[in-house]
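Note that the structure is predicted; figures quoted are calculated from it, not measured. Proteins come first, then strands; the chains are lettered A, B, ... in the order of their sequence lines, and each starts at number 1.
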Amino acid sequence: MYRISKEKLNDLYAKINETSGLYIPVKRAGEVNYAVWGEGKEVSLETLKTVKSPKSMFFPQTENMMKFKTDGKNIEVIDVREQFDERRPFVLFGVKACDYKAIEVLDKVFLGDPVDSYYKMRRETTTIVTLACSRPEESCFCKVFDVDATAPQGDVTTWLDAEYLYWQANTEKGEALTALVQELLEEGGETEVATQQAQTKAVIERLPFSNLDLSRFTPENLNALFNEKEWEEMSEACLGCGTCTFVCPTCQCFDIRDFKTNEGVIRYRCWDSCMYSDFTLMAHGNSRTTQMQRFRQRFMHKLVYYPSQYDGTYSCVGCGRCVNKCPQNLNIVKVIKTLGGKNND
Amino acid sequence: MKEVEMKMLERAKALLESGEVARVVAWKKGDFCFDPSPAVFESVEELDTFVYDWFCGANLSKYLIQIAKKEGKTAVFLKPCDTYSFNQLVKEHRIDREKVYVIAVECLAKLDVEKMKAKGVSMIESVEVVDKDVHVKTAYGEETLYKPDVVLTKCETCNKTHQAKDEEIILHERPERDVNRFAEVEKLEAMTEDERFAFWRNQLSKCIRCNACRNVCPACSCVKCVFDNPASGISAKANDDQFEEQLFHIIRAFHVAGRCTDCGECSRVCPQNIPLHLLNRKFIKDIDGLYGEFQAGETTEGKTPLTSFTEGDVEPKDVFNGEAK
Ligand code: SF4
Ligand code: SF4
Ligand code: SF4
Ligand code: SF4
């Protein structure tokens, strides 16, 4: 294990930036989100939860997929993926355990058959440096999904305390990054990290949502859960906004549209939200016509449909963003408590 | 607050029991002491989860567009600011006034848990407000915060009084306040064009286009928003940090100009804390200056400056040239 004093972190960022782009939590206009690092940017590793999750690194909120240039009767197709080759590799820095687990959730979807080549290209050229949590808060419930917030995976794992950032490589990519910044690192930190981990674990045990019981959310109970009458009541305050889906690290739905320009068409994709009235709109109309149905879709997908498709893995990682950000305080925890049976009372 | 809550609960019970109303729109308890949700109560039993506390910041008036269409009368609790939104919706014929039983309640400024957390309090277990002190018990110990530091932004400069004159009112003593809600707008006006542009670019670049601001807005009551309508040609979900975002917000501000009551919900719900209310307040300030003071939602009838013409109306060219008084 290595360590680097906090004062030298800027040198670390600069060093990484020499060969790779660096995505890191940065404060802008009061809020912390992942952004490209540059001199003078206000990095905030201490922030527990960025507003947007790091998923936008691999699955950007809006991206162009291809362009069609028209010239008379000729149409030229421009594949934007060709430009990917010229891009620099990226280092994604400061990913929390829950968000890392969320990337694994997305991998199953985007790297499964059929492979999403846009996602894959970004995923392959990125080295992920995770950061253990030391101050989880009341909305965190990653433990429920077997996430260890004190030992996130990733190519490199780091821990932060008042003086140092501790560093440990886990993979080949991680070793390569370590070699690159070796001159800035010094050995040590095992005891400090172990102490911090023990303290944080004790806090996690005491978190109010750490012991939610998910046992009722199984594929066998799909119909029973789908038909629960409580959906109506749980969703009545829902605004049908996209906040919960857009801040969620595992929400993966997108829309593909064409944008007409003077010279042709740009085909782009952008995040979509099952909470929206025009989501999966078809010629006959929308398959879910009420907000209750849309609300139910989001939580059934996280807790039942996704696990049915992917060996029981839930597609919620307990990051608590929807708990913090829903304007009307509706969230997945309330759904789990309402439908999850007695153990959640 | 507890006292007010008890009175409200009593009224809700009585109204449901007597059958005078079929349902009550209010707030229900959450998992913590700071996360109540808007809720519809249809029976006395359901009122077990009723709550009215320092975190009931949500404006309930827009829900009535749908709920008041149901069979029977609907009772609703409205805070001072909410009564303006309600009146405006009645004025625009979006709510049938006859079908709603309004109970106006005092608020004394609601708290913003995000601001409290930003002050370093986490793992909150209970909150008690005594005058300007917010006593917070947390898993880590006790703390006292200064209330004006941690109220919702919309409450910071609010001086609204109930505008539901002939309804029942459950009140607290509310001290008059000396506040200038245009202070922040004036700061923006004092900036150079470039500075102002940079300010908004910086703020709006955070927008994730979640539409929470639009969906919560009582003035945004179109049945189908043009931005959601694939047939409109401008429907858009993409967040584009170049121009789109700025246009979306500016178009929205124009569309609600003269109808925005300054309820402040847009800024409350924004996950990126973009001060959207400042766009609307700029319009309010300009309307006040160009047409005489006007407050949307004060009444349910009467003409409004932007929807009526008088000979003395300001000329567009004078506004454009900056020569309007
Ligand atoms: S659950 Fe909350 S965040 Fe999600 S769509 Fe409904 S109101 Fe918006
Ligand atoms: S559903 Fe909510 S808690 Fe779960 S991963 Fe998404 S945002 Fe986080
Ligand atoms: S949910 Fe777990 S991993 Fe995520 S921020 Fe909270 S403690 Fe850390
Ligand atoms: S609520 Fe905030 S983030 Fe969402 S669309 Fe409005 S301004 Fe953008």
Exercise. Quick one: do B:K117 and B:E114 satisfy salt bridge (charged side-chain N to carboxylate O under 4.0 Å, His left out)? Show the steps, please.
Key: CA-CA 5 Å; B:K117 286 187 185 169; B:E114 281 203 18; over 6 Å; no
Practice item. Is it possible for you to check whether B:R214 lies under 6.0 Å from the centre of the six-membered ring of B:F248, through NZ or CZ, and within 45° of that ring's axis? Key: no
Bottom line for A:C241: the part with an atom under 4.5 Å from chain B's heavy atoms is both
The interface call for A:K260 against chain B, heavy-atom contacts under 4.5 Å, is neither
Test the B:K110-B:Y52 pair against the cation-pi criterion, namely NZ or CZ under 6.0 angstrom from the six-membered ring centroid and within 45° of the ring axis. yes
If one checks every heavy atom of A:S273 against chain B at 4.5 Å, the contacting part turns out to be neither
Does A:W271 have A:K52 sitting over its ring (NZ/CZ under 6.0 Å from centre, angle to axis within 45°)? yes
Cut-off 4.5 Å, heavy atoms of chain A, and the answer for B:K28 is side chain
Under 4.5 Å to a heavy atom of chain A? For B:F32 that would be side chain
From the list A:C140, A:S139, A:C319, side chain to side chain contact (heavy atoms under 4.5 Å, CB included) partner of A:N324 resolves to A:S139
- Verdict with supporting geometry, A:R294 and A:Q297, side chain to side chain donor-acceptor pair (under 3.5 Å): CA-CA 5 Å; A:R294 297 173 200 133; A:Q297 167 63 23; over 6 Å; no
Greatest number of non-hydrogen atom pairs under 4.5 angstrom with chain A, of B:D31, B:I67, B:D228, falls to B:D31
### Message
Does the Lys NZ or Arg CZ of A:R135 fall within the cation-pi geometry relative to B:Y140 - under 6.0 Å from the ring centre and within 45° of the axis?
### Response
yes
Whatever's closer than 4.5 Å to a heavy atom in chain B on A:R269 counts as neither
Scored by heavy-atom pairs under 4.5 Å with chain B, the best of A:V333, A:V32, A:N33 is A:N33
Under 4.5 Å to a heavy atom of chain A? For B:P275 that would be neither
Legend entry - Pair A:Y268-A:F254, ring pair (Phe, Tyr, Trp, His ring centres under 6.0 Å): steps then yes or no: CA-CA 10 Å; A:Y268 67 95; A:F254 57 80; over 10 Å; no
Applying a strict 4.5 Å limit to non-hydrogen atoms, the region of B:Q66 in contact with chain A is neither
Whether over 12 other heavy atoms sit under 6.0 Å from A:K27 NZ
no
Applying a strict 4.5 Å limit to non-hydrogen atoms, the region of B:A118 in contact with chain A is neither
If one checks every heavy atom of A:P60 against chain B at 4.5 Å, the contacting part turns out to be neither
The interface call for A:D278 against chain B, heavy-atom contacts under 4.5 Å, is both
Tested for side chain to side chain contact (heavy atoms under 4.5 Å, CB included) against B:K115, the lone hit among B:D149, B:V121, B:L152, B:T153 is B:T153
Chain B shares the most heavy-atom pairs under 4.5 Å, among A:V247, A:D272, A:V203, with A:D272
The interface call for A:E233 against chain B, heavy-atom contacts under 4.5 Å, is both
